[in-house]
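Note that this is a predicted model, so its numbers are computed, not measured. In each ligand, atom 1 is the first atom listed, and ligand 1 is the first ligand listed.
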Amino acid sequence: MTDLKRGLGEAVSAAFAAAGLPAELGRVTPSDRPDLADFQCNGALAAAKQARRDPREIAAGVVERLKTDPRIASVEIAGLGFINIRVSEAALAERAIEIAGDLRLGAGAVETPRRVLVDYGGPNVAKPMHVGHLRSSIIGEAIKRLYRFRGDTVVGDAHFGDWGYQMGLLIGAVCDEDAFVASLVERVNARATPLTAEEEATAFAALAEHISLADLDRLYPQAAARGKEDADYRDRARKLTAELQARKPGHHLLWRHFARVTQVALERDFHAIGVDFDLWKGESDVDHLIPGMVEDLEAKGLLVDDQGARIVRVNRQGDKRELPPLLVVSSEGSAMYGTTDLATILDRKQSFDPEQVLYVVDQRQADHFEIVFRAAYLAGYAEEGSLEHIGFGTMNGTDGKPFKTREGGVLKLHDLIEMTKAKARERLREADLGAGFTEEAFEDVAHKVAVAALKFADLQNFRGTSYVFDLDRFTSFEGKTGPYLLYQAVRVKSLLRKAADEGAEGGPVTIGEPAERELVLLLDAFDQALSEAYERKAPNFIADHAYKLAQAFSRFYAACPILIAEPAVKESRLTLASTTLRQLELALDLLGVATPERM
Ligand code: ARG
């Protein structure tokens, strides 16, 4: 199945070739002037330049060859030599029916599916999530869904940050505060034999009584702040980190408790916004690979000493600026952020052997990834070019800095959702939506509106762009927002319910009105939007398509009466409406946004 744009492009290319001109000049694009044409081709101008001929004359030759194409209603030369094409009503109708009958709603698939791993989310044990994690989760989830939909085999991994210096900080802080925990850790460390399963269960139960997620949330920022000022405190935290990594049993027990409580809460919050990881592998999961990896790097002559630390230099000839080396083993003997990242590449190779790994992480980590990737290529752990950092800008406050709460703290995902939901409830009431709903149904809609607001506000921007957090704008039912899209989808649903109540169904499509043309042309453009999003790893192309489709539907709905139209027209319009709804819902689903039934 090809879309109209590609199909016409092939015809125009053939016309160029038949005129003895390069076929690639026949590319067509949606028209800049929808009032005059559906598609245009600018190739005659380029051809004229190359051949030093008159562009209008070249265009005339091409146009002559296109006139007999049944898909084309009119083809004309405009301005300096643009070729303007209007598609025939029959071709539009045929394409609409094709899309209506397609489970993929006109979207193609990749020719050769690949194994792709998406590394996204990246939350950390105990450290609160910041907006970078939120963006990573939203964008990563959309990329994962899109890649899977296009046919690749995709695994999404949270790459839980659970093995760094923050763990040493936290072990110290918790033991300082709670004498029971401190003595438990000491006792376990002093044992000659490991804990039995039963003893372990008892220990975890006791820890659960003493340390909650709220405790970790409270203690971590204090400890982190103190570590910055107090060198002794910092040294102790580093030592505790190294001891944990050496698997001192008491430290390790406490650490597992931290990881557990954090993961349970995170999974719940992520799930609430439609972000679900296939894997929750942590940095710690690759710890056992590190000694062998260090040996291997050594054997390959890549590891060098640097003031007690062991590093891999990654600079290349022709680099414009010097990149720092990869720090593999710190002078205290601990594994670093980059060490676990390198070992994770090995681990993934053994378990899933991905052909491509996409790291959806804040742009500010670009150097980190460049260093890790280069080290991996040098060591032969991954094929050159198979690792890719998908960076993104920040979500900022009105002060232009990464978004913080009014108190200046990091906004917790849970609080962000609650805050957005409160606003969504307000908006729904203002617009007199959800009236007469049960409380449960109203809450469900408010939740969906809130998630749509947050996600769409993010995904409508090219990921590299930073944007300003503006809850008022994000939650509005007007403009380029998630709630607007949900509202349009719900309108179609209610129309279709009404039709079904009357026993009316969709049928063959005929195209008459300009608004119908416009709608079918948009339905036709879906595959292009998905391809572009796929190629550029940029979900904003899907968001954009969804928005344009919703707008086109809105114009169609205003201009073309449906339920009161005569039977054949009614059936045709119902097919257009239900196809639009299915495509819109699919696009939203790829963005990780769910649509309510009613509003
Ligand atoms: N946990 C990291 C952070 O909070 C993000 C992890 C990103 N993924 C990775 N493979 N390094 O900054």
Exercise for the section: Report the distance from atom NZ of K412 to atom CG of D269, rounding to the nearest 0.5 Å. Expected result: 10.0 Å
Handout entry: For atom 1 (N) of ligand 1, closest protein heavy-atom neighbour
Key = N124 OD1, 2.7 Å
Exercise for the section: Kindly indicate whether a cation-pi arrangement holds for R114 with Y147, taking the cut-offs as under 6.0 Å to the six-membered ring centre and within 45° of the axis. Expected result: no
Handout entry: Close-contact set for ligand 1 against Y359 heavy atoms, below 4.0 Å
Key = 10 (N)
Exercise for the section: With the side chain counted from C-beta on, respond yes when L387 and V372 share a heavy-atom pair under 4.5 Å apart, and no when they do not. Expected result: no
Practice task
Ignoring hydrogens, just give me the one of T344, V361, D341 whose non-hydrogen atom is nearest atom 10 (N) of ligand 1.
Solution key: D341
Handout entry: ligand 1 versus D362: contacting region, heavy-atom distance under 4.0 Å
Key = neither
Fill in the blank from the handout: Only residue of L303, L342, T339 satisfying side-chain contact (heavy atoms from CB on, under 4.5 Å) with V294 is L303
Problem - Cation-aromatic face contact R536/F541, 6.0 Å, 45 degrees - result: no
Exercise for the section: Would you mind telling me which of D278, D152, D276, D589 makes a salt bridge (Lys or Arg N to Asp or Glu O under 4.0 Å) with R145? Expected result: D589
Problem - Y120 near ligand 1 by a heavy-atom separation under 4.0 Å - result: no
Completion exercise
For atom 12 (O) of ligand 1, the closest protein heavy atom turns out to be Q365 NE2, 2.9 Å
Completion exercise
Numbered in order shown, the ligand 1 atoms found under 4.0 Å of a heavy atom of H133 are 3 (C), 4 (O)
Fill in the blank from the handout: closest protein heavy atom to atom 8 (N) of ligand 1 is D119 OD1, 3.1 Å
Exercise for the section: Report yes if some heavy atom in the side chain of F474 is under 4.5 Å from a heavy atom in the side chain of Y467; otherwise report no. Expected result: yes
Problem - ligand 1 to E283 polar contact by distance, N or O atoms, under 3.5 Å - result: no
Practice task
Tell me which one of F160, W163, Y337 gets a heavy atom nearest to atom 7 (C) of ligand 1.
Solution key: Y337
